[in-house]
Amino acid sequence: MRVEVVQKIPVTGPEGRQNHRTILLRLHKDRYNYVAPFRFGEKSEYALWFMTTDNIAKILNENEHYSIEIRVIAKHELTGLGSVFVKNYSKHDIKNGTFKSGNTFEIVS
């Protein structure tokens, strides 16, 4: 599995169409050989943390139209079939706190 985190900057292209310039952010680790399968009600061993030295809060506060995109590229070990999962975050999505364990993005404190 591979992870990419990019800053997305909106730019106006030809004929006034909106496009995005992307800047790859540095991650401490961007490749994982194994991700535990999701099992509801058990330990959250399937969850991974992605850490960067880039200041995401500063990037998102520079301009309200900037966003951060996380891309997870995964392949099934036996079949080799791949999937790409993409999630975008704006400055309104970033909150301080601790995530509740399990299949949720809820922050408990």
Side-chain angles (χ1 to χ4, degrees):
M1 182 187 82
R2 187 167 53 96
V3 178
E4 294 177 348
V5 179
V6 297
Q7 176 186 2
K8 294 180 72 175
I9 301 170
V11 294
T12 303
E15 301 175 13
R17 293 189 176 143
Q18 188 75 14
N19 203 350
H20 285 93
R21 182 170 63 105
T22 59
I23 299 171
L24 191 63
L25 301 182
R26 294 177 300 271
L27 293 175
H28 285 286
K29 184 175 180 179
D30 64 354
R31 294 187 185 275
Y32 297 84
N33 293 327
Y34 173 75
V35 178
F38 171 75
R39 291 190 176 96
F40 189 75
E42 294 185 20
K43 294 180 183 177
S44 301
E45 294 177 356
Y46 58 87
L48 298 174
W49 286 21
F50 311 113
M51 293 186 278
T52 180
T53 56
D54 294 300
N55 188 338
I56 292 176
K58 181 179 175 184
I59 290 170
L60 293 175
N61 285 322
E62 279 182 40
N63 185 311
E64 70 177 81
H65 300 292
Y66 288 5
S67 63
I68 299 293
E69 181 176 274
I70 298 176
R71 303 172 187 159
V72 177
I73 303 101
K75 287 188 179 181
H76 190 276
E77 184 177 350
L78 298 176
T79 65
L81 297 174
S83 294
V84 178
F85 305 92
V86 178
K87 179 75 175 161
N88 282 292
Y89 296 94
S90 70
K91 73 177 187 175
H92 305 291
D93 297 315
I94 307 300
K95 297 177 176 57
N96 288 325
T98 303
F99 284 108
K100 181 178 179 180
S101 181
N103 187 18
T104 178
F105 286 107
E106 183 181 341
I107 294 178
V108 293
S109 62

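Values in this document were obtained by computation on a predicted structure and should not be read as measured data. Hydrogens, waters and symmetry mates are skipped; everything else that's a heavy atom, side chains included, is used.
- Annotation for Asn55: atom CG counts as buried by contact number, over 12 foreign heavy atoms lying within 6.0 Å.
- To the nearest 0.5 Å, atoms CD1 (Ile68) and CD1 (Ile59) are separated by 4.5 Å.
- How far CG of Leu81 is from NE2 of His76: 8.0 Å, rounded to the nearest 0.5 Å.
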Which atom pairs, donor and acceptor, lie under 3.5 Å between side-chain atoms of residues 12-30 and protein residues at least two apart or in another chain?
| from | atom 1 | to | atom 2 | distance (Å) |
| --- | --- | --- | --- | --- |
| Arg26 | NH2 | Asp54 | OD1 | 3.0 |

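- Closest of all the heavy-atom pairs between Trp49 and Tyr32 is O-OH, 3.3 Å.
- When hydrophobic clusters are built by joining Ile, Leu, Val, Met, Phe, Trp and Tyr residues whose side-chain heavy atoms come closer than 4.5 Å, directly or via intermediates, Val6 is not grouped with Ile94.
- Between the NZ atom of Lys75 and the CZ atom of Arg2 there is a distance of 9.0 Å, given to the nearest 0.5 Å.
- Listed by chain and number, the residues in a salt bridge (charged side-chain N to carboxylate O under 4.0 Å, His left out) with Glu69 are Lys8, Arg71 (sequence neighbours excluded).
- Checked against side-chain contact (heavy atoms from CB on, under 4.5 Å), Ser83 has the following partners two or more places apart in sequence or in another chain: Phe85.
- Summarising the geometry of Ile70 relative to Tyr89, their closest heavy-atom pair is CD1-CE1, 3.7 Å, with the distance given to 0.1 Å.
- Separation of atoms CG (Asp93) and CG (Asn88) is listed at 9.0 Å; rounding is to 0.5 Å.
- Interatomic distance, Ile9 CD1 to Glu62 CD, rounded to the nearest 0.5 Å: 7.5 Å.
- The one candidate from Asn33, Ile73, Leu48 that meets the side chain to side chain contact (heavy atoms under 4.5 Å, CB included) condition with Met1 is Leu48.
- The shortest distance between side-chain heavy atoms of Val108 and Phe99 does not fall below 4.5 Å.
- With a 4.5 Å cut-off on side-chain heavy atoms, Pro10 and Tyr66 count as touching.
- Within the 4.5 Å cutoff, the side chain of Val5 has no heavy atoms near those of the Thr52 side chain.
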